[in-house]
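Here the structure is laid out as structure tokens; the discussion comes afterwards.
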Amino acid sequence: MESESRPPLPPFTLETALKKVQAAEDAWNTRDPVRVSLAYTPDTEWRNRADFVNGREQVVQFLQRKWVRELDYRLKKTLWAFMDNRIAVRFEYEWHDDSGHWFRSHGNENWEFAPNGLMQRRYASINDQPIQESERKFRWERA
């Protein structure tokens, strides 16, 4: 849809880059593949580890598979750098598999945005580290 827009829009300032990173963290922590996909252009291109994903429908399918495997997923993103329509982030997330084994995944992402603020390219490099449940950094706050 031509009228789609996802502020803040490029070119980014420190303030708008931080807002973009926080919005991405918040969306991914919902673990809602459709909601997450709406931040990307319809023809978005991803590299996530060794997976290549093209378009929103593939993003939704990829995230559905991811969050079936990565249970109790909790993510933290940190701005690393920005310029014009690009942002680089560092991230860590924790999750467990269906056997109860915990992992911390960490790495970096390079993002490129279209003028309307939707992400058109996302390149992620990720490493996994087995951890004990007691070593977790990120826990959901309980009310």
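- Ring pair Tyr93/Phe91 is parallel by interplanar angle, where below 30° counts as parallel and above 60° as perpendicular.
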Verdict with reasoning, Val36 to Trp67, per side-chain contact (heavy atoms from CB on, under 4.5 Å): CA-CA 12 Å; Val36 171; Trp67 289 321; 4.0 Å; yes
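- Taking CD of Glu45 as the reference point, atom CD of Glu112 lies at 9.0 Å (rounded to 0.5 Å).
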Between Glu70 and Phe103, does a side-chain contact (heavy atoms from CB on, under 4.5 Å) hold up when you go through it step by step? CA-CA 9 Å; Glu70 296 178 359; Phe103 299 87; over 6 Å; no
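- A distance of 12.5 Å separates CD in Gln120 from OH in Tyr40, rounded to the nearest 0.5 Å.
- The minimum heavy-atom distance between Leu63 and Pro33, with the atom names listed, is CB-CB, 3.8 Å.
- Between the side chain of Asn85 and the main chain of Pro10, no donor-acceptor pair closer than 3.5 Å is present.
- Side-chain contact annotation: Asp128 with Ser105, donor-acceptor N/O pair under 3.5 Å present.
- Annotation: the span from Leu18 atom CG to Lys20 atom NZ amounts to 13.0 Å, rounded to 0.5 Å.
- Two residues are said to be in side-chain contact when any heavy atoms from C-beta on lie closer than 4.5 Å; Val34 and Arg56 fail this criterion.
- With a 6.0 Å radius and a threshold of 12 heavy atoms from other residues, nucleotides or ligands, Glu133 has its CD atom above the threshold.
- Heavy-atom neighbours of Trp102 CH2 from other residues, nucleotides or ligands within 6.0 Å: above the threshold of 12.
- Using a 4.5 Å heavy-atom threshold, the side chains of Val21 and Trp111 count as touching.
- Here the CZ atom belonging to Arg74 is positioned 13.0 Å from the NZ atom belonging to Lys137, to the nearest 0.5 angstrom.
- The two residues Ala88 and Asn110 make their nearest non-hydrogen contact at CB-OD1, 3.7 Å.
- Around CZ of Arg136, the count of heavy atoms belonging to other residues, nucleotides or ligands within 6.0 Å exceeds 12.
- Shown here for Arg47 and Ser125, the closest heavy-atom pair between the two residues is NH2-OG, 3.3 Å.
- Side-chain contact, Asn48 with Arg122: a donor N or O sits under 3.5 Å from an acceptor N or O.
- Partner of Lys77 under the side chain to side chain donor-acceptor pair (under 3.5 Å) criterion, out of Glu25, Gln22, Glu109: Glu109 alone.
- Heavy-atom neighbours of Lys66 NZ from other residues, nucleotides or ligands within 6.0 Å: above the threshold of 12.
- Clustering ILVMFWY residues whenever any of their side-chain heavy atoms sit less than 4.5 angstrom apart, transitively, puts Val68 in a cluster other than the one holding Trp95.
- In this structure, Met119 CE and Trp46 CH2 are separated by 8.0 Å, a value rounded to the nearest 0.5 Å.
- Residues Leu118 and Thr44 are not in side-chain contact: their nearest non-hydrogen atoms beyond the backbone lie 4.5 Å or more apart.
- Asp51 is listed as a side-chain neighbour of Phe62, based on a closest heavy-atom distance under 4.5 Å.
- What you find for Leu79 and Val89 is that their closest heavy atoms are CA-CG1, 4.3 Å.
- A salt bridge is absent between Glu94 and Lys76; no separation between the charged side-chain nitrogens and carboxylate oxygens falls under 4.0 Å.
- Interatomic distance, CG of Leu75 versus OG1 of Thr30, reported as 10.5 Å (0.5 Å rounding).
- Proximity of a side-chain donor or acceptor of Gln58 to a complementary backbone N or O of Gly55 within less than 3.5 Å is not detected.
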